[in-house]
Amino acid sequence: MQLGFVSAIVPELSFEEVLSLAKDLSYDCVEMMCWPKGKATRRYAGVTHVDVQVLTSEEARELQELATQHGVSISALGYYPNPLSPDADEAAIASAQIRYMINAATLLGLDTVNTFIGRDWSRSIEDNWPQVLNVWKPLVTYAEERGIRIGIENCPMYFTNDEWPSGKNIAHTPEIWHRLFADLESEAIGLNYDPSHMIWQHMDELKPIRAFSDRLFHIHAKDVRLDQDRLDEVGIMATPNSFHTPKLPGLGDVNWRKFFSVLTDVGYDGPVCVEVEDRAYEGSLESRKAALQQSVNYLRQFIPQQG
């Protein structure tokens, strides 16, 4: 396995500065963010470390050379929009950017891009499903033809009132993953698996590792702490931010010892990237760097540095 981090937490740094930071903190890789340039619409969005819309072969070679010089690889390209948004323009921009990202991955010699399936949060799963297939069959075919895998993160994107009642990413449970993989009929679609999202949904975070071992393309290392007292007050129908808090690995309720035990059992040997969303460490760039340092210190007990 390779230990990395998600570049969204350091938006003020350049591509090369992100690599330098990763090297200084003894990370092996980085998932580089690829949002379209412009104003972000939510936290951790709008970060562009690789501008995939304009990337040329020559620029891709330069980025690869920088990664080699720093001894840090790119684990994947990442972009997390809503390609199934009821806003047609938003959905079209998202789908187009995913295609740009797939093209950029081929230029960079990568094999994985990460994103969300998306969802019209005002409609049921069944009512969303025709659009899931309409949007994603062409995208998966496009990726497959270019030798690129698409890792879908399992975040429901339901945290706040504007995402009520069902969130903005439909692919957040094993039942939906089984259906998605069967209907899309491609080995090019899999998971960018984040165990923290299972915890706050009151689900087992270990079972999917075994059940979907052949679909684990990428891993996000993020923890979460449930506040049982708050949950007892507000109930599971409340917006999830009212009873849970994202934390750094080791500071929440994910059992990382068991998590990595099962990962090694199924033979996973890909990237595991820290995703910092812990508000306690967001006060400054130095605090966010400290969060990355603390996370690498904790996770190195499970992923020893190679060479």
Side-chain angles (χ1 to χ4, degrees), residues 2-40 44-81 83 92-116 136 138-153 186-190 192 217-218 220 270-275 285 289 292 306-307:
Q2 307 88 50
L3 183 56
F5 66 86
V6 180
S7 74
I9 198 61
V10 284
E12 60 270 77
L13 300 187
S14 68
F15 179 90
E16 185 171 8
E17 288 170 336
V18 172
L19 293 175
S20 180
L21 176 62
K23 180 181 180 180
D24 290 345
L25 297 181
S26 300
Y27 279 96
D28 306 313
C29 59
V30 179
E31 180 187 356
M32 291 290 184
M33 293 298 99
C34 302
W35 287 79
K37 289 194 171 181
K39 185 177 180 180
Y44 313 113
V47 179
T48 311
H49 284 119
V50 179
D51 189 348
V52 297
Q53 292 188 17
V54 298
L55 186 71
T56 65
S57 297
E58 182 179 350
E59 290 167 341
R61 283 194 297 272
E62 292 173 356
L63 296 183
Q64 287 173 311
E65 288 173 3
L66 286 173
T68 300
Q69 289 169 15
H70 287 82
V72 176
S73 64
I74 303 172
S75 68
L77 301 180
Y79 166 56
Y80 299 90
I93 289 170
S95 291
Q97 186 74 359
I98 291 170
R99 286 176 182 260
Y100 282 124
M101 187 165 62
I102 291 168
N103 293 338
T106 63
L107 292 178
L108 289 164
L110 306 179
D111 63 5
T112 304
V113 300
N114 296 324
T115 191
F116 289 147
W136 277 96
L139 285 174
V140 170
T141 298
Y142 191 80
E144 190 171 38
E145 290 172 348
R146 288 155 181 79
I148 302 297
R149 308 181 305 174
I150 301 175
I152 300 301
E153 188 182 347
S186 173
E187 298 299 314
I189 187 83
N192 176 26
F217 294 170
H218 198 274
H220 273 177
V272 178
C273 288
V274 175
E275 186 179 23
L285 175 59
K289 288 181 179 179
L292 291 170
Q306 299 178 8

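- The distance from atom OG of Ser14 to atom CG of Leu19, rounded to the nearest 0.5 Å, is 8.5 Å.
- Between the CG atom of Asp24 and the NE2 atom of His70 there is a distance of 8.0 Å, given to the nearest 0.5 Å.
- Checked against side chain to side chain donor-acceptor pair (under 3.5 Å), Ser186 has the following partners two or more places apart in sequence or in another chain: Glu144.
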- Task: Test Val6 against Tyr80 for side chain to side chain contact (heavy atoms under 4.5 Å, CB included), laying out the working first.
- Result: CA-CA 12 Å; Val6 180; Tyr80 299 90; 5.5 Å; no

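- Between the side chain of Thr106 and the backbone N or O of Asn103 there is at least one donor-acceptor pair closer than 3.5 Å.
- Note: Met32 CE to Ser7 OG = 6.0 Å, rounded to the nearest 0.5 Å.
- For Ala105, the side chain to side chain contact (heavy atoms under 4.5 Å, CB included) criterion is met by Leu77, Leu110, Val113, Ile148, not counting sequence neighbours.
- In this structure, Leu13 and Leu285 have side chains that are in contact, with non-hydrogen atoms separated by less than 4.5 Å.
- Across all non-hydrogen atoms, the minimal contact from Cys29 to Gln2 is SG-CB, 4.0 Å.
- The side chain to side chain donor-acceptor pair (under 3.5 Å) test applied to Gln53 returns Gln97, not counting sequence neighbours.
- Distance CD/Glu153 to CG/Asn114: 8.0 Å, rounded to 0.5 Å.
- Of all the heavy atoms in Ala22 and Val30, the pair that sits closest is CB-CG2, 3.7 Å.
- With sequence neighbours left out, Phe217 forms a ring-ring contact (aromatic ring centres under 6.0 Å, His included) with no residue at all.
- Between the Asp28 side chain and the Gly4 main chain, no donor and acceptor come within less than 3.5 Å of each other.
- Judged as a side chain to side chain donor-acceptor pair (under 3.5 Å), and not counting sequence neighbours, the contacts of Thr112 are Arg149.
- In this view, His220 and His218 satisfy the ring-ring contact (aromatic ring centres under 6.0 Å, His included) rule, not counting sequence neighbours.
- Using a 4.5 Å cut-off on side-chain heavy atoms (C-beta onward), Pro83 and Trp136 make contact.
- A 4.5 Å side-chain heavy-atom check between Ile152 and Thr115 finds at least one atom pair inside the cut-off.
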Please table the atom pairs, donor to acceptor, closer than 3.5 Å between any side-chain atom in residues 58-67 and protein atoms at least two apart or in another chain.
from, atom 1, to, atom 2, distance (Å)
Glu59, OE1, Thr56, N, 3.0
Glu59, OE1, Thr56, OG1, 3.4
Gln64, NE2, Leu108, O, 2.6

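- Pairs passing the ring-ring contact (aromatic ring centres under 6.0 Å, His included) check and including a residue from residues 7-33, sequence neighbours excluded, read Phe5-Tyr27.
- In this structure, Arg99 contributes its side chain and Ser95 its backbone to no donor-acceptor pair below 3.5 Å.
- Separating the CD atom in Gln69 from the CD atom in Glu16 is a distance of 7.0 Å, to the nearest 0.5 Å.
- Partners of Trp35 according to the ring-ring contact (aromatic ring centres under 6.0 Å, His included) rule, which considers only residues two or more places apart in sequence or in another chain, are Tyr79.
- A search for salt bridge (charged side-chain N to carboxylate O under 4.0 Å, His left out) contacts involving Glu31 returns nothing, not counting sequence neighbours.
- Partners of Thr141 according to the side chain to side chain donor-acceptor pair (under 3.5 Å) rule, which considers only residues two or more places apart in sequence or in another chain, do not exist here.
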